[in-house]
Amino acid sequence: MPRLVVVSNRVVVPEEGNPSAPGGLAVAVEATMRGRDGLWFGWSGQVADEPPAFTTTERGTVKYVLTDVRPQDFQEYYNGFANRVLWPILHYRVDLAEFSEADFGGYLRVNEFFAERLDQLLETDDVLWVHDYHLIPLAQALRARGRANRIGFFLHIPMPPPDLLTTLPHHAELVRALTEYNLIGFQTENDAGNFARYLTRVVGAATPDGRDYHLGHQHFRVGVFPVGVDTDGFRRMAEASVRTACAMELEESLAGRALVVGVDRLDYSKGIVSRIDSYERFLEKYPEWHSRVTYLQIAPGSRQEIPEYADIDALVNARVGHINGRFGAVSWVPLRYVSRNHRREDIAMVLRLARIGLVTPLRDGMNLVAKEFVAAQDPTDPGVLILSQFAGAAAELRAALIINPHDRDTVADAINTALLMPLEERCARHQEMYAVLEDNDIRDWGRSFIDALRRPGGASNWLSNRFIAN
Ligand code: F6P
């Protein structure tokens with residue numbers, strides 16, 4: 001089997017003796033790499049004036065190769081184009097996008113830099129899997145170096161409709177760069193459909209199935225690969241976690257109150273402020289629950305050099321203070337806000353103990369917390385998932401209470417419904433969602449993407465096409 005080379009902006013090297021990696025993309029990729037002969041390449045998370053050639057670490061069959069980036073690159077590529085232009089626009093927040101040509105230049109420069117470094121490590125039959133919006137132009141930069149390997153791209157975040165995507169300066173150039181991949185993967189049919197609509201309307205390319213494209217000399221495929229979780233592993237972790245001292249302390253502090261939980265990176269796309277407002281509405285509308293419920297919001301800080309992220313931190317703090325001041329009592333804190341990072345075991349424990357999982361992003365590629373919440377539940381007495389219709393996970397977890405996160409009254413009512421939901425209904429909903437998770441486990445995600453990428457027919461004739469073109 002050819003070697004799998006994964007490229008992502010963040011790389012998490014598992015600590016020796018503790019194979020679990022934190023959060024989202026990193027967990028999903030780590031599960032795909034496990035047991036394979038592989039290389040995982042990306043940013044070290046460090047900024048240095050003169051980046052060293054590489055730092056290489058080996059864990060089992062996987063080699064981790066990391067590079068630092070220069071301060072200007074960090075600003076323009078990561079804080080700039082990736083997170084102040086692509087992130088907001090792909091999350092439908094055109095109003096927050098701050099574009100500059102310098103940032104775009106930095107974005108292209110870092111992709112070139114990654115390609116140059118990666119090129120030194122590649123073998124001709126390596127299969128490459130590139131992850132997320134930071135690295136859209138990477139295949140193009142590798143192709144320019146003569147690399148004809150099969151290269152796939154997976155977008156972990158949403159793909160917006162063409163009306164929004166076309167607000168992105170240089171959108172045509174970026175979509176053109178995407179077509180250099182053999183396979184482009186999305187989280188949901190909605191995302192793939194939006195991309196197909198862009199190709200039809202803006203580029204004039206259409207196929208009957210919206211999957212297999214011939215564009216000039218390019219031939220690429222589009223697919224839907226909803227990312228899953230390690231269902232059984234997370235369930236076991238959650239089961240074991242409730243026997244820890246930390247779990248007992250939490251239970252004791254709740255004093256029998258129902259626990260409502262939100263776990264997110266502190267990001268405007270997660271809808272934390274609207275969620276807190278909805279909780280306030282719930283406390284206004286349903287005073288019978290006062291002193292009987294505790295909402296715990298865990299939201300570790302993120303991308304803090306970007307102004308919108310500093311703003312949201314201040315906003316959340318103010319809202320938390322307001323609610324606790326307005327509704328709290330000497331013996332009851334209605335809302336606990338924790339912005340420290342937590343170990344996955346502790347997150348699993350908090351999700352397991354929760355009566356309600358509040359997952360209400362305004363827009364989200366998938367949202368793995370929703371899936372982890374389901375995996376963590378005790379099937380004989382499960383909690384209820386309240387899930388935004390705008391999370392990718394809502395396409396699969398139909399048995400959650402699906403809500404519009406912009407509608408405070410609906411969310412408030414859903415909290416009340418969840419608290420009152422009879423055991424039989426909770427079990428039935430949980431069973432249905434757990435079956436969905438088992439059907440599309442984290443290993444299925446990696447396997448199906450790589451199988452599709454390796455399948456002959458879907459492109460990979462880039463070199464011969466280029467040859468014909470010349
Ligand atoms: O899932 C989207 C994503 O941007 C990943 O690419 C990334 O690893 C994660 O969120 C956390 O973001 P950051 O790396 O900017 O902290």
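Just follow the structure's listing: the first ligand is 1, and inside any ligand the first atom is 1. Treat the numbers as computed from the prediction; the structure is a model and nothing was measured.
For the pair Arg221 and Tyr213, the cation does not sit on the ring face, since its NZ or CZ is not both under 6.0 Å from the ring centre and inside 45° of the axis. Judged by the 6.0 Å distance and 45° axis criteria, Arg59 is not positioned over the aromatic ring of Trp40.
Counting atoms of ligand 1 from 1 in the listed order, those under 4.0 Å from a heavy atom of Tyr133 are 4 (O). Each of the following atoms of ligand 1 lies closer than 4.0 Å to a heavy atom of Leu25: 5 (C), 6 (O). When each atom of ligand 1 is checked for a heavy atom of Ile157 under 4.0 Å away, the hits are 2 (C). Taking every heavy atom of Trp87 and a limit of under 4.0 angstrom, the matching atoms of ligand 1 come to 2 (C), 4 (O).
The protein heavy atom nearest to atom 10 (O) of ligand 1 is Arg303 NH2, 3.6 Å. Counting protein heavy atoms only, atom 5 (C) of ligand 1 is closest to Asp132 OD2, 3.5 Å. Protein heavy atom at the shortest distance from atom 13 (P) of ligand 1 is Tyr78 OH, 3.4 Å. Scanning the protein heavy atoms around atom 14 (O) of ligand 1, the nearest turns out to be Arg10 NE, 2.7 Å. Counting protein heavy atoms only, atom 11 (C) of ligand 1 is closest to Arg265 NE, 3.7 Å.
Salt bridge absent: Arg3 and Asp37 never bring a charged side-chain N and a carboxylate O closer than 4.0 Å. We find that Arg236 and Asp232 are joined by a salt bridge, their nearest charged nitrogen and carboxylate oxygen being less than 4.0 Å apart. By the 4.0 Å N-to-carboxylate-O rule, Glu50 lies close enough to Arg70 to be salt-bridged with it. Look at Arg109 and Glu76 and you find a salt bridge, because one of the NZ, NE, NH1 or NH2 atoms lies within 4.0 Å of a carboxylate O, short of that distance.
Between His134 and ligand 1, no N or O atom pair is found at a separation short of 3.5 Å. Between His156 and ligand 1, no pair of N/O atoms sits closer than 3.5 Å.
More than 12 heavy atoms of other residues, nucleotides or ligands lie within 6.0 Å of CD in Glu116, so this atom counts as buried by the packing criterion.
The nearest protein heavy atom to atom 3 (C) of ligand 1 is closer than 4.0 Å.
Using bins of under 30°, 30° to 60° and over 60° for the plane-to-plane angle, the ring pair His430/Tyr434 lands in the tilted bin.
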